[in-house]
Amino acid sequence: MKNQHDSFFSQVYEVARLIPRGRVTSYGAIAKYLGTARSARMVGWAMNNAGNIRPKVPAHRVVNRTGLLTGKHHFGSPEKMKELLERENIKTKKDQVQQFKKVFWDPSVELNIED
DNA sequence: CGATTGACGTACG
DNA sequence: TCGTACGCCAATC
């Protein structure tokens with residue numbers, strides 16, 4: 001089987017790994033950064049493989065644009081994702097990231113710092 | 001091989 | 001402001 005070295009998925013994993021600790025981002029932000037803003041769903045689908053690839057991808061730092069832990073069910077247990085976020089000093093309430101706007105990390109901005 | 005689904009997001013009413 | 005509809009593209013049934 002071919003390696004997904006340059007696949008869209010790998011690019012998602014790469015960006016996801018660049019997410020600083022204590023910060024979160026959205027599927028759309030990653031998709032937009034990759035130039036596929038309309039394919040935000042593909043980012044989520046890519047995350048499905050996140051736990052299937054190496055190195056492991058901090059998918060728990062990736063939430064939807066509302067800051068809601070939509071993918072909590074894919075971590076084996078909803079508490080897992082919440083715990084991981086708490087571990088990053090990220091506060092959550094009812095699957096909703098508190099101060100989401102504050103901890104939000106936009107790759108299209110952080111990785112495109114112009115002079 | 002065709003239809004449905006999905007860890008999303010934007011547009012429209 | 002909130003609810004519904006649609007688009008994207010890959011995987012699954």
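Every chain is numbered from 1, with letters handed out A, B, ... down the list of sequences.
- For W45(A), counting side-chain heavy atoms from C-beta on, the closest listed nucleotide (dA7(B), dG9(B), dG6(B)) is dG6(B).
- Between the CG atom of D95(A) and the P atom of dC8(B) there is a distance of 13 Å, given to the nearest Å.
- T36(A) comes within 4.0 angstrom of no nucleic acid atom, judged by non-hydrogen atoms across all strands.
- Look at the P atom in both dA3(B) and dG7(C): the space between them is 16 Å, to the nearest Å.
- In this structure, Q96(A) and L69(A) have side chains that are not in contact, with every pair of non-hydrogen atoms separated by 4.5 Å or more.
- For a distance-only test at 3.5 Å, the side chain of R41(A) qualifies as a donor-acceptor partner of the base of dG7(C).
- With rounding to whole Å, N48(A) atom CG is found 11 Å from dT12(C) atom C1'.
- Rounded to whole Å, atom P of dT5(B) lies 19 Å from atom NE2 of H73(A).
- Rounded to whole Å, the distance from CD1 on I53(A) to P on dA7(B) is 18 Å.
- Counting non-hydrogen atoms under 4.0 angstrom, A59(A) reaches a base of the nucleic acid.
- Here the side chain of Y27(A) is nearest to one of dC8(B), dC8(C), dA11(C), namely dC8(B).
- Closest non-hydrogen pair, V43(A) versus A31(A), comes out as CG2-CB, 3.5 Å.
- Distance from the side chain of R65(A) is smallest for dG9(B) among the nucleotides dG9(B), dC8(B), dC8(C).
- With hydrogens and angles ignored, the 3.5 Å screen pairs no side-chain donor or acceptor of Y13(A) with any backbone N or O of F8(A).
- Whole-Å rounding puts the H74(A) NE2 to dA7(B) P distance at 4 Å.
- Put simply, CZ on F8(A) is 13 Å from C1' on dA7(B), counting in whole angstrom units.
- Rounded to whole Å, the separation between the P atoms of dA5(C) and dT5(B) comes to 15 Å.
- Considering only side-chain atoms of M42(A), the nucleotide from dA7(B), dG9(B), dA10(C) that sits closest is dA10(C).
- Atom pair M47(A):CE and dG6(B):P shows a separation of 19 Å (rounding to whole Å applied).
- Listed pair T70(A) / dC8(B) meets the phosphate criterion, a side-chain N or O lying under 4.0 Å from OP1 or OP2.
- Here the side chains of R61(A) and E88(A) are in contact, with some heavy-atom distance below 4.5 Å.
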For D95(A) and K72(A), run side-chain contact (heavy atoms from CB on, under 4.5 Å): C-alpha distance rounded to whole Å, both residues' side-chain angles, the deciding distance at 0.1 Å, then the answer.
CA-CA 8 Å; D95(A) 307 332; K72(A) 64 176 183 176; 2.4 Å; yes
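- Distance CG (N64(A)) to P (dC8(C)): 21 Å, rounded to an integer number of Å.
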